[in-house]
Amino acid sequence: MTEPNFRTEQLHLSGVAHGYGDRELFTGVELAIAAGEHAAVVGENGAGKSTLLRILAGIEAPADGTVRRHGRVGYLAQTSGLPVRLTVADAIDNALLALREMESELERLEAGLAAAGPNELEAYGNLQTQYQLREGYAAESRVEAALDRLGLGGVDRGRALGSLSGGEQERVALACLLADPADILLLDEPTNHLDAGGTAWLEGRLAAHRGAVVVVSHDRVLLRKVAAAVIEVDAERRTVNRYGNGYDGYLKEKRAERQRWVQQYHGWLDAMASERRQADTVSGRMGYARRRDNDKAGFDFKTGTWQRAAASKIRNAQERLRRLEDNPVERPPERLKLDAGLNGAGGPRDAADRVLHARNTRVPGRLDVPEFRVERGQKILITGPNGAGKSTLLSVLAGTLEPAAGQVLRHGRIGYLPQELELPEHPSLRLLPAFAAGLGGNIDDHAEALLRLGLFRTSEFHVPVGALSAGQQRRLSLARLLLGHNEVMLLDEPTNHLAPVLVEELESALADFSGTVVMVSHDRALGEWFDGCADRSRGRTGEGTPGTWLRYTMAEGTLEKVALPA
């Protein structure tokens, strides 16, 4: 892809490398963001996305390389970083300080306009133009609108930031950033603490921003609406790659990359087989020639010449084979696939073919569900605000949390992916043995199965699980789930910490899964995908989708079925 013209760039990285200790995040980064360009940064947790954003913002210096910026930079971290002793009003005043200084200077210059000379008049005109370009006259109304749309309209401006929740502090920081938006906006997971209305408002603000925008986000709906380019931080290759044509263009190019990889791998296999055949064929002919020569009890000149030529061909074929073996093409991973393991797994089922049945289930202050039935083959999505009891319900269904009242009947083999992964019991245990633990069988077979999934490379098999990033730990849990032959999958925020391409594959695997799925998610794109699958299951597009697709919502511990879009 052609990079933006240097004369129009607002950000430019050249030869940038960075890491921490012995861990290198990326190296040789060449990246340009054009004036007014909107880009998204994607990659798994721990890949270095936040680090890249801090380097772009100038908060952190790279270990090597140069960074150039043209224009004012506004930066939003995942945690606000605002001093907790400040009040909300103080935070807003600090955000508008530059504009208010401009206002004061304009007032001073206006007072002397009657006697002003050419230089003073020019200075006044230039300052007024800058103030108007920054829409200084609308700053207060922007603050009010931002606080209101971010759910903070009723917050007392005299309250100390330390008295607000972490999510509220983040929203105050976001409102302050957008009160006087800089030429370059750099935002790290800005939708983490926003509801649907706040997220939609933010999408509109970012899309309308005339300067450059670089946003780190796992929110695929936001990526589609805001980003014209996607910057991928690849943890495995320690590279930063740029893709054009928006988020959908990024996915298309990633699919094309995978196809090229498959073609290269099969080309490498074919070349290896060809060289082996050639060496074996010539060697066989030499053996036949020797047998004829033995019959004559001697070698004549022509036979010796032919054998020398044949031996040379064998050596050449073996040398080409050696070079191919020294430069292997790694086998591309297979598409993610869930094995339902329905051949005799699990115990007897009731007449309704029910796999889960919760009755009068209560966890004080967290859950109160009179009845919840899940039948075999159903796909169920549960949504609702934070603290509604969704994760509690999944824990109760999985049997990891005992309810204070009620009972849960379970049939079949159940796989459970919790939202918050527990710290490894044995942090020094290597990744491959941790994956194989409790699965039985041969460790080489488990290594082969793990490689086929494409979630890890061979070089990562010996990494201690205690040293894995959040994204890698999530992938390890997912790998065990994928190969666990489960009839029922209980998934709590299954897309958390996963790279976008892997999320798309997981959705396809869930759609094709012949077993039962109950999942909890805030992921808007997953919700849209779920509704699309439900639509196809009703036959509207002529594509069959296994199972019945149902949506529920939770609020204050209670569960309610909702109608899917018609």
Could you go through the side chain to side chain donor-acceptor pair (under 3.5 Å) check for Glu44 and Gln472 one step at a time? CA-CA 8 Å; Glu44 291 186 348; Gln472 290 172 317; over 6 Å; no

Would you check, one step at a time, whether the test side-chain contact (heavy atoms from CB on, under 4.5 Å) holds for Ile184 with Val213? CA-CA 6 Å; Ile184 303 166; Val213 175; over 6 Å; no

Between Glu504 and Lys254, is the salt bridge (Lys or Arg N to Asp or Glu O under 4.0 Å) condition met? List the steps. CA-CA 11 Å; Glu504 302 275 339; Lys254 293 299 288 185; over 6 Å; no

Report the C-alpha separation of Ile55 and Phe26 in whole Å, then their side-chain angles, then the decisive distance to 0.1 Å, and conclude whether the side-chain contact (heavy atoms from CB on, under 4.5 Å) test is met. CA-CA 12 Å; Ile55 289 173; Phe26 38 74; 4.1 Å; yes

Step by step, would you call Glu330 with Tyr265 a side chain to side chain donor-acceptor pair (under 3.5 Å)? CA-CA 7 Å; Glu330 193 168 359; Tyr265 176 70; over 6 Å; no

Please determine whether side-chain contact (heavy atoms from CB on, under 4.5 Å) holds for the pair Glu105 and Leu127, giving the CA-CA distance in whole Å, both sets of side-chain angles, and the decisive distance to 0.1 Å. CA-CA 8 Å; Glu105 181 63 10; Leu127 187 59; 3.3 Å; yes

Would Trp261 and Val329 satisfy side-chain contact (heavy atoms from CB on, under 4.5 Å), going step by step from the backbone distance to the final call? CA-CA 8 Å; Trp261 185 2; Val329 176; 4.1 Å; yes

For side chain to side chain donor-acceptor pair (under 3.5 Å), just list the numbers for Thr51 and Arg54, CA-CA rounded to whole Å, side-chain angles, deciding distance to a tenth of an Å, and then say yes or no. CA-CA 5 Å; Thr51 300; Arg54 288 195 298 271; 3.2 Å; yes

Would you please test Thr87 and Asp90 for side chain to side chain donor-acceptor pair (under 3.5 Å) and show each step? CA-CA 5 Å; Thr87 66; Asp90 292 335; 3.1 Å; yes

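Under a 3.5 Å cut-off, the side chain of His522 and the backbone N or O of Gly384 do form a donor-acceptor pair. Side-chain N or O atoms of His38 include one that pairs as donor or acceptor with a backbone N or O of Gly211 at under 3.5 Å. Ser163 places no side-chain N or O within donor-acceptor distance of the main-chain N or O of Arg159, the cut-off being under 3.5 Å. In this structure, Gln169 contributes its side chain and Leu164 its backbone to a donor-acceptor pair below 3.5 Å. Using modelled atom types, one side-chain atom of His209 and one backbone atom of Ala182 make a donor-acceptor pair closer than 3.5 Å. Side-chain N or O atoms of His193 include none that pairs as donor or acceptor with a backbone N or O of Glu170 at under 3.5 Å. At least one donor-acceptor pair under 3.5 Å links the side chain of Arg551 to the backbone N or O of Gly527. Glu232 places no side-chain N or O within 3.5 Å of a backbone atom of Val42 that could act as its donor or acceptor partner. Looking only at distances, a side-chain donor or acceptor of Lys379 sits under 3.5 Å from a matching main-chain atom of Phe513.
With rounding to the nearest 0.5 Å, the separation of CD in Glu507 from CG in Leu510 is 8.0 Å. Residue Arg142 holds its CZ atom at 6.5 Å from CZ of Arg205, rounded to the nearest 0.5 Å. Annotation: the span from Asn245 atom CG to Tyr250 atom OH amounts to 14.0 Å, rounded to 0.5 Å. Atom OG of Ser14 sits about 6.5 Å away from atom CZ of Arg68, to the nearest 0.5 Å. For the atom pair SG of Cys176 and CG of Asn94, the computed distance is 8.0 Å after rounding to the nearest 0.5 Å. Considering CG of Asp188 and CD of Gln78, their distance stands at 4.0 Å, rounded to 0.5 Å.
Side-chain N/O atoms of His18 and Glu60 include a donor and acceptor closer than 3.5 Å.
Ring centroids of Trp529 and Trp549 are separated by less than 6.0 Å, placing the two rings close together.
Using a 4.0 Å cut-off between charged side-chain N and carboxylate O, Lys252 and Glu257 make no salt bridge. Of the charged side-chain nitrogens involved, none lies within less than 4.0 Å of a carboxylate oxygen, so that Glu103 and Arg100 do not count as a salt-bridged pair. Between Arg237 and Asp234, at least one side-chain nitrogen of the basic residue sits less than 4.0 Å from a carboxylate oxygen of the acidic one, meeting the salt-bridge criterion. Note on Glu144 versus Arg157: salt bridge recorded, some NZ/NE/NH1/NH2 to OD/OE distance being below 4.0 Å. Comment: Lys390 does not engage Glu493 in a salt bridge, judged by the lack of any side-chain N to carboxylate O separation of less than 4.0 angstrom. Ion pair Arg242/Glu37 flagged as a salt bridge, since at least one NZ, NE, NH1 or NH2 atom sits closer than 4.0 Å to an Asp/Glu carboxylate oxygen. Between Arg524 and Glu203 there is a salt bridge, with a side-chain nitrogen of the basic residue lying less than 4.0 Å from a carboxylate oxygen of the acidic one. The residues Glu528 and Arg224 are annotated as not salt-bridged, no charged nitrogen and carboxylate oxygen being separated by less than 4.0 angstrom.
Using a 4.5 Å heavy-atom threshold, the side chains of Arg430 and Phe461 count as separate. Residues Leu417 and Arg474 meet the side-chain proximity criterion, which asks for heavy atoms closer than 4.5 Å. No side-chain heavy atom of Asn241 sits under 4.5 Å from any side-chain heavy atom of Ile231. The shortest distance between side-chain heavy atoms of Val215 and Val41 does not fall below 4.5 Å. Here the side chains of Leu178 and Leu202 are in contact, with some heavy-atom distance below 4.5 Å. In this structure, the side chains of Thr27 and Thr239 stay at 4.5 Å or more apart for every pair of heavy atoms. A 4.5 Å side-chain heavy-atom check between Leu450 and Leu431 finds at least one atom pair inside the cut-off. Between Arg475 and Leu502 there is a side-chain heavy-atom pair separated by less than 4.5 Å.
The nearest pair of heavy atoms linking Gln132 to Tyr137 is CG-CE1, 3.9 Å. When all heavy atoms of Pro464 and Pro427 are compared, the closest pair comes out as CB-O, 3.4 Å. Of all the heavy atoms in Leu476 and Phe435, the pair that sits closest is CD1-CB, 3.8 Å. Of all the heavy atoms in Leu96 and Ala139, the pair that sits closest is CD2-CB, 3.9 Å. Of all the heavy atoms in Pro494 and Met519, the pair that sits closest is CG-SD, 4.4 Å. In plain terms, the two heavy atoms of Leu324 and Trp268 that are nearest each other are O-NE1, 2.9 Å.
A side chain to side chain contact (heavy atoms under 4.5 Å, CB included) with Thr383 is found for exactly one of Thr553, Leu526, Val562, namely Thr553. Partner of Leu177 under the side chain to side chain contact (heavy atoms under 4.5 Å, CB included) criterion, out of Leu185, Val172, Leu186: Leu185 alone. Of the options Val520, Asn496, Leu491, Leu394, a side chain to side chain contact (heavy atoms under 4.5 Å, CB included) to Gln419 is made by Asn496 and by none of the others. Among the candidates Val240, Val67, Thr66, the single residue satisfying the side chain to side chain contact (heavy atoms under 4.5 Å, CB included) test with Leu13 is Val67.
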